[in-house]
Peer 1: 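This is the structure I want to talk about, given as structure tokens.
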Amino acid sequence: MPENREAVLSIPWLKCRRALFAILVVSTSLAGCAAMAQVVTHLPMGWQIAMLTLFALTFSWIALAFWGAVCGFVLCALRLDPLSLRRFPSSSSGVKQLTSRTALVMPIYAEPPIPTIAGLEATCRSLLQQANRLGSAAVMRDHVEVFILSDTQDRTLAQEEANHVAALQQRLAGQLDVHYRRRPNNHGRKAGNIAEFCRRWGRRYDYLVVLDADSLMSGATLLHLIDRMQRQPRVGLIQTIPIPVGQRTLFGRFSQLASALYSPMLAAGQSFWQGDAANYWGHNAIVRTRAFMAHAGLPTLSGKPPLGGELLSHDFVEAALLKRGGWQVLLDTMATTAVSRHAPHMSASHNSFEAMPSNLLDFAKRDRRWLQGNLQHLRLLTGAGFHPISRLHFFFGAFAYLSSLVWLGLLLCTSILVGYQAVDTQPHYPLPEALSLGLLFITLSMLVAPKVMGLILTCWQCPQGFGGRFRLTLSTLLEMLFAALIAPLMMAWHSLFIMNVLIGRAIDWQTQHRGERSLSWKECWQHAGWMSLCGAAWAGMLVLFSPSAFGWLTPAWLGLIAAVPIVKYTSSATWGDAMSDRVGLLGTPSSVLRPPLLADFSALNQPSNERSFYITGLKPPPSELPGDMPCQSFRGPLPYANASASTAKEHN
């Protein structure tokens, strides 16, 4: 039984933190809007309202990201836990005693079996190695089991999956029990897959660690999460920060660098003001099974897709439902703050990784699925009983994509206004150029500041993980240039996707490309050629009517004009390898320090590594212990359960 002081996680001054953060964001936004009002004061009233509205939305979004990064920078610089505001421990004690049962569950749907099973095996072996170091390897089988939950509908691929799982069962025999279950349908997609597992086996386990097909988690991280759940029984979910790894393309290397460089700081800033109402990203997280079953059953939205039907981005909603049910939802930053001169012992042990799309086109296609799911969340803003921070998660998740349409509208209004003033023969008041340029400079500075803060923090604390300070600085400058060039592309794609949703075009949520994929010129032109044509037409109009506007809008039109070659060349592993291996840039801790977890995964992920499938047959899953997982309602009365009473019952 945990001590009382640990049973409820203490988050000091949480209301004050949120109030301070809100004041900083709102005051910054108001100051920017006041300056913008002076810029457009001589325009007709209709133009003033349009420009101010679009600018206010864009600038407020930038201010939110800026102040979140500032909070994260201070916390990481001082080595403070963003929740307790205490210094991170100088050593990792690990789990003292396993008193619970945990299932590692990996839902899959038509995934390539070799890398999928290799990643799961690397995670399992890391867990066993960590348990052996702590002297608990002998009892690990009694406390942790593994489930591969297949929704694969193709029988041939399903048979291949089963063969690989049977081989894994044999290799881990006597150490960890591995189970395989395949559904004859994929109703409810991933959320339905996990819900079906919970209803059949959930009551056998205290916790579920949810893994994606491309997830990798070290044994130290897994035991840290289990230990934290045991010590803090009011916590319903803990989300780690998965860092992308394993890509060799130029786009993949830029994305991995950005994530490794900025994610620890940004995650700390988010955790600082979110507190115990954090979000869930659907994988690399641990959930309390009974709390999840009692509160996270998902209903179907009324109406037809794309904004009705099954909830696609289920994870945000599940986190909100857990918080509504009285459970704490936390963002754990342990794995993301591991590589540091202050805690070098953790750099090789605390890891939470994932794969990512290898090129811009596949990245945009994944965003297309997420966008549709996140726009559904706007319908939940008025849902009964949700915590205010959960409602913010719903709104921010949708606005992350809607902001592209807002930015596009601001650029179009500015361009039309410039063109109108250039051809209008009537006297008019020009925009105050000095104030306009000053406001533009401030906005760009706030956009770049989080990247600069991430660079400063990393140069101070752990430059060796990125190849040293000189290489790190050059790599960061290149990443900033790359981010500026692809921002207009993502704006254009997101705007197109939003318009498709608004006219009722839904998409199927299919398996994403997880391996490296170099794109052809034809494919790049087919999907990005329209951007190049629009960018060239836009730049031509600007240079014709307003050379000054042409100059300060260069970051926007240049990326659009270069869309096709950017998409093409950044999909190349040859260019990525040249930048990393020959020039020595774009290095990250995963490639420079090479954690043992990734080395094990690389060794296991070899198609030529022949391992027999057929020595033993596939073992059946364990006996079921059925339980209910009722669908929740977004309208009252609320199906609340007393979290304290449930916790007491569970631990007595």
Side-chain angles (χ1 to χ4, degrees), residues 72 76 81-83 88 92 94-95 102-107 115-116 118-131 144 146 207-229 235 237-247 255-268 270-271 274 278-287 315 319 329-340 343 345-356 462 465 514 588-602:
C76 290
D81 174 27
L83 292 176
F88 275 113
S92 179
V95 62
T102 302
L104 308 186
V105 297
M106 177 180 280
T116 299
L120 182 60
E121 182 171 359
T123 296
C124 292
R125 293 197 177 281
S126 177
L127 176 62
L128 291 170
Q129 291 165 7
Q130 181 68 14
V144 179
V146 183
Y207 318 125
L208 304 180
V209 175
V210 183
L211 305 172
D212 260 1
D214 55 14
S215 294
L216 289 165
M217 293 184 73
S218 69
T221 299
L222 290 170
L223 291 178
H224 162 74
L225 294 176
I226 294 171
D227 180 57
R228 191 165 184 181
M229 293 292 267
V235 174
L237 185 149
I238 304 175
Q239 173 68 62
T240 67
I241 312 296
I243 303 297
V245 295
Q247 291 295 338
S255 300
Q256 289 168 179
L257 173 67
S259 182
L261 195 58
Y262 313 132
S263 289
M265 179 185 71
L266 298 178
Q270 289 180 23
S271 184
Q274 291 174 5
N279 216 342
Y280 174 40
W281 300 326
H283 59 93
N284 291 53
I286 188 169
V287 299
D315 35 23
V329 180
L330 308 180
L331 182 62
D332 190 290
T333 59
M334 172 68 78
T336 59
T337 56
V339 184
S340 166
H345 62 282
M346 295 184 186
S347 62
S349 58
H350 282 267
N351 303 124
S352 180
F353 298 130
E354 65 174 340
M356 59 166 294
C462 53
R514 299 192 188 273
T588 61
S590 64
S591 59
V592 174
L593 302 180
R594 199 61 178 169
L597 177 65
L598 295 182
D600 290 345
F601 171 64
S602 296

Peer 1: So, for L223 and A131, which heavy atoms are closest and what is the spacing to 0.1 Å?
Peer 2: CD1-N, 4.3 Å

Peer 1: In Å, rounded to the nearest 0.5 Å, how long is the span from CG of L330 to CD of Q274?
Peer 2: 10.5 Å

Peer 1: Please find the pair of heavy atoms, one from A213 and one from M106, that lie closest to each other, and give the distance.
Peer 2: CA-SD, 4.1 Å

Peer 1: Does the side chain of L211 come within less than 4.5 Å of V105's, by heavy atoms?
Peer 2: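 Counting from C-beta outward, V105 and L211 never come under 4.5 Å.
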
Peer 1: Please round to the nearest 0.5 Å and tell me the distance separating atom NE2 of H224 and atom CG of D227.
Peer 2: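 Rounded to the nearest 0.5 Å, the NE2-CG separation comes to 8.0 Å.
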
Peer 1: Mind checking the CG-CG spacing from N279 to D315? Nearest 0.5 Å is all I need.
Peer 2: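 Atom-to-atom, N279:CG and D315:CG are 7.0 Å apart.
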
Peer 1: Please assess F601 against T123 for the test side chain to side chain contact (heavy atoms under 4.5 Å, CB included), listing each intermediate value before the final yes or no.
Peer 2: CA-CA 8 Å; F601 171 64; T123 296; over 6 Å; no

Peer 1: Taking the side chain as C-beta and beyond, is there a heavy-atom pair between V235 and R228 under 4.5 Å?
Peer 2: no

Peer 1: Rounded to the nearest 0.5 Å, what separates atom CH2 in W281 from atom CD in E354?
Peer 2: 9.5 Å

Peer 1: Can you name the nearest heavy-atom pair linking P264 to C76, along with the distance?
Peer 2: O-SG, 3.9 Å

Peer 1: If you look at every heavy atom in I243 and S263, which pair is closest and at what distance?
Peer 2: CD1-CB, 3.9 Å

Peer 1: We want to know whether T240 and D332 form a side-chain donor-acceptor pair, criterion being a heavy-atom distance below 3.5 angstrom.
Peer 2: no

Peer 1: Kindly give the heavy-atom pair with the smallest separation between M217 and L225, and that separation in Å.
Peer 2: CE-CD1, 3.6 Å

Peer 1: If you measure from OG on S352 to CG on L216, what distance do you get to the nearest 0.5 Å?
Peer 2: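 Nearest 0.5 Å value for the OG-CG distance: 9.0 Å.
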
Peer 1: Could you grab the distance from atom CG of L120 to atom OG of S215, nearest 0.5 Å is fine?
Peer 2: 10.0 Å

Peer 1: Would you check if V329 and I238 make a side-chain contact, meaning some heavy-atom pair closer than 4.5 Å?
Peer 2: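 Of all side-chain heavy-atom pairs linking I238 with V329, none is under 4.5 Å.
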
Peer 1: Judged by atom type as modelled, is there a donor-acceptor pair below 3.5 Å linking the side chain of S602 to the main-chain atoms of L598?
Peer 2: yes

Peer 1: Please test L222 against L104 for side chain to side chain contact (heavy atoms under 4.5 Å, CB included), starting from the C-alpha separation and ending with a verdict.
Peer 2: CA-CA 9 Å; L222 290 170; L104 308 186; 4.2 Å; yes

Peer 1: Quick check: does any side chain N or O of N284 sit under 3.5 Å from a backbone N or O of F353, one acting as donor and the other as acceptor?
Peer 2: yes

Peer 1: Could you check if a side-chain atom of I241 sits within less than 4.5 angstrom of a side-chain atom of L331, using non-hydrogen atoms only?
Peer 2: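 Result yes, sub-4.5 Å side-chain heavy-atom pair found.
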
Peer 1: For T221 and S218, does a side-chain donor sit closer than 3.5 Å to a side-chain acceptor?
Peer 2: yes

Peer 1: Check whether any side-chain heavy atom of I286 sits under 4.5 Å from a side-chain heavy atom of L237, and report yes or no.
Peer 2: no

Peer 1: Is it true that a side-chain atom of Q256 and a backbone atom of T588 form a donor plus acceptor pair closer than 3.5 Å?
Peer 2: no

Peer 1: Provide the closest heavy-atom pair for Q239 versus H283 in the form atom of the first, atom of the second, distance.
Peer 2: NE2-O, 3.0 Å

